Structures are given as structure tokens and as C-alpha cells.
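Below is one structure, written out as C-alpha cells; the observations come after it.
The sequence lines fix the lettering, A, B, ..., with proteins before strands; numbering per chain opens at 1. No experiment lies behind these values; they were computed from the predicted model shown.
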There are 2 protein chains.
Amino acid sequence: MKTLSNAIVATESQLGRAFNHPEVTRSSLMRELTARRVRITEQRRLIIGIIQDSPRHLDAATLLDLARKKDPGIDRSTVYRTIGMLKRRGLIDELDLMHIDGEKHYYEVKTNHDHCHMACFKCGGIMEYTSASFEKLKEEIARTSGFDIRVIRLEAGGVCRKCRATSPAP
Amino acid sequence: MKTLSNAIVATESQLGRAFNHPEVTRSSLMRELTARRVRITEQRRLIIGIIQDSPRHLDAATLLDLARKKDPGIDRSTVYRTIGMLKRRGLIDELDLMHIDGEKHYYEVKTNHDHCHMACFKCGGIMEYTSASFEKLKEEIARTSGFDIRVIRLEAGGVCRKCRATSPAP
DNA sequence: ATATGTGCAAATCTTTTGCAAATTC
DNA sequence: GAATTTGCAAAAGATTTGCACATAT
């Protein structure tokens, strides 16, 4: 099993028709925050910009590193506090990615369609899967249980198609 | 928001038809371990027995406390190592319960049907929801993506029916 | 005899917090 | 000038590890 400081986010094109992202749209965090009259400081703008633009899921430490490249004076606690603010407002989702690399959390801008994250135990890659079935299940759960779902997280761990092909016997 | 050292697991009967557990069966950990020729020491038997018999999801610290009531000499690391062993063998599932009470993890014996855990941000209760749709979604994801799913976790956070009734305006 | 499990204590890793200074409204 | 945000340094919480000793096969 590989150790992966940097998990790979496979894109739709990389994995052919393994993916299925119907209309997955991310909102603009800045716009949302402005609409909600949240004070956007320089540091927040920087941190949020990094989350928003990142092609992969970032953990707090990586986010701090990236932020420091632009503003070396930025503090770890500011990063955590900004993450906390975005979480509380439901603008980002927190992921564990099956703890494939430690206990840290990863973040991504909330999309209009929730999706499944799959972490490969062999290569450490992270794949995403979006489908209408997930939205339907969400709706079914809410309707049947009377539970008002504010956040939902579907994560899987296993072996990706590529790795299965490489080493056929699991 | 309540602080909850001990989250409540609502049962099917408590929540009326909010639940739907088709054939959710837990395997016997002892039997599984024996079949796999895993050495079962006294301490492991004790720890595993507690996990198996617990009506609610336990975190490592609680598990340690309970184990110490029967064997005060048992060590924290033994508990963690036993949990790790069970996890690696896919006999227990690890839950975060939306980090409703800190960053700890909770454990439960793997069932033959995966289910959704819902954590209420107001009362801290944990509800479970099992449905054939989830199994179907799992199957769809595996089939479409070619990903061999070994573990899967569906967790939601929000407000349970009871709490919604109590304080209507979210 | 050899492999495996355990206790202990310390280390590690991630995240949170109290408080004084700085910034913004 | 009142409220909010930040840096700093320390604390807290959860989990892991190295190693010597004990136990099981």
C-alpha cells in the first residue's frame, strides 16, 4: 500500500465513463459570503480563494502551506477558524476520505449535488461519483425518517479499477 | 446545542416508522475470528464482547472504560490495537457521526446491509436508516465506476424529527 | 523456540483556545 | 469606541509507537 501525502483526484476524462457528474456546480464562496454580509478580510479572501481554486481536496495543513506562500505571516489558527466559519455556514463539506492518510480532514466547496468519494487503498487515489440515485436516496431518507438533512457524506474505501487491473487477485 | 458525551441511538420502536431495517444482521465477531484463525486472547475476547453487545456506538475511550471495569489492568493501546485488527479485517465499521462530539471515532459490528447514520445537531441523538436503495446505490457505484468497494459509510447531520417538532423554526 | 500480544510511557498528529494586540466598522 | 479578527503559544484530544517483558503455539 502506498503512502500518499497527496491523494490524486481522478477526473472524469482520466477514468473514462467511470464517472457521472450530472450538473455538479459549485457556488462562489465569495459571492455567498458577501450575500450573507460576512466580513471578508484579506487573509480570508486568500484562504477561501485557495479552497475554491484547488483541483484536489485540501487538508488544513496543506491549506496553511499554500496560504503561507502568498502571505507568510498567516497563522494556523486563522486557517482553522476560516474553515470553521465556512463549515458552520454550510459552504464547504468536510471529508475524511476513509482516513486513507491519517486523521486529517479534507475540504471542498459544497456542490449542488452531493457525491460519493471513493478512496483507493492501493494507490491512494480519490475518485468521485455523482448520480441521481444518491439524490433520490437522500430524499427518501429525509422523507421516511423525518430527519432534516443539512449535510451528508458518502465515502467508500476499496480498490479502484486501475489497481484491480494491475494486481488481479485481491 | 447539547453537549453529548453519550449520544442516543434511537431504536426503530422509538421513532415509529422512521426506520426501515431489512434483514440487518451482525455477524459474530468471535466466530469470524476463529474461522480466520486469529488468536483470541482474554483481553481481546473482553474488548470484542463489549463492542458486540453494546446497544450504542462506542468510541475508543468509552470502550476502554468499560473494559477496565472487568479487567482494570487493560491498557489503552490494547484497545486501539484490537480495534485496528478488527478494522483491517473488515469486521467492524468506523463511524464519525458527523463529529457531533469531537474528533473521536465510533465502532459497530459490520452488518450484512450497510446503513445510514444520522446525527442530530440539536439533541445529539443518532438514528440509523437502512434501505434497499442504499444497497442498490452501492451496487450502481461499483458497477459504473469499476471500484471494488470494501467499506462504505453514509452519514448525515441535521435535525431529527423530534427536535424539528420542538423548535419549528430552524 | 519462535512468533505474537501487552503495558508503559512518550511521541505524534490534528485541532482548539485564552488572551493581548491589531484591525475594521 | 465597540465588535471582530489575528498571532502566538500553549493546551487539549485522539491515536500511535518503541521497547522490554509476558504469553501462546
Task: Inter-axis angle, terminal five-pair segments of the helix from dA1(C)-dT25(D) to dC25(C)-dG1(D) [nearest 10°] - done: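 The angle separating the two end axes equals 30°.
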
- [ ] Between Arg81(B) and Gly102(B), name the one whose nearest nucleotide on DNA chain D is closer to the 5' end.
- [x]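 Its nearest nucleotide lies further toward 5', so the answer is Gly102(B).
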
- [ ] Assign Ala61(B) to base, sugar-phosphate, or nothing according to its heavy-atom contacts below 4.0 angstrom with the strands shown.
- [x]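 The answer is nothing, as Ala61(B) stays clear of every strand by at least 4.0 Å.
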
- [ ] Go through residues 37-54 of chain B and report each residue with a non-hydrogen atom lying under 4.0 Å from DNA chain D, sorted by number.
- [x]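 Residues of residues 37-54 of chain B that come under 4.0 Å of DNA chain D are, in numerical order, Arg39(B).
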
Excluding sequence neighbours, so at least two apart, what forms side-chain hydrogen bond (donor to acceptor under 3.5 Å, both in side chains) with [X]?
X: Asp65(A); answer: none
X: Arg37(B); answer: none
X: Arg31(A); answer: none

TODO: List in chain and number order the residues that pass salt bridge (charged side-chain N to carboxylate O under 4.0 Å, His left out) with Arg36(A), two or more places apart in sequence or in another chain; answer none if no residue qualifies.
DONE: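 Residues passing salt bridge (charged side-chain N to carboxylate O under 4.0 Å, His left out) with Arg36(A): Glu32(A).
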
Task: All salt bridge (charged side-chain N to carboxylate O under 4.0 Å, His left out) counterparts of Glu103(B), not counting sequence neighbours - done: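 Salt bridge (charged side-chain N to carboxylate O under 4.0 Å, His left out) list for Glu103(B), sorted by chain: empty.
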
Would you give me the side-chain donor-acceptor pairs under 3.5 Å for residues 42-55 of chain B, sequence neighbours excluded?
residue: Gln43(B); atom: NE2; partner: Asp71(B); partner atom: OD2; Å: 3.3
residue: Arg44(B); atom: NH1; partner: Arg39(B); partner atom: O; Å: 2.8
residue: Gln52(B); atom: OE1; partner: Leu29(B); partner atom: N; Å: 3.4
residue: Ser54(B); atom: OG; partner: Arg56(B); partner atom: N; Å: 3.1
residue: Ser54(B); atom: OG; partner: Arg56(B); partner atom: O; Å: 2.6

Open item on the list: Does anything in residues 82-92 of chain A form a salt bridge (Lys or Arg N to Asp or Glu O under 4.0 Å)? List the pairs, not counting sequence neighbours.
Closed with: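 Found Lys87(A)-Glu94(A).
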
Task: Terminal contacting nucleotides, 5' and 3', DNA chain C versus chain A (heavy atom, 4.0 Å) - done: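 Here the contact window of chain A covers dT14(C) to dC25(C).
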
TODO: Please collect all side chain to side chain donor-acceptor pair (under 3.5 Å) contacts where either partner lies in residues 73-86 of chain B, sequence neighbours excluded, each pair once.
DONE: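 Residue pairs with at least one partner in residues 73-86 of chain B: Asp75(B)-Ser77(B), Ser77(B)-Arg81(B).
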
Task: Within residues 72-79 of chain A, residues whose heavy atoms come under 4.0 Å of DNA chain C - done: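 Of all residues in residues 72-79 of chain A, the ones placing a heavy atom under 4.0 Å from DNA chain C are Arg76(A), Ser77(A).
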
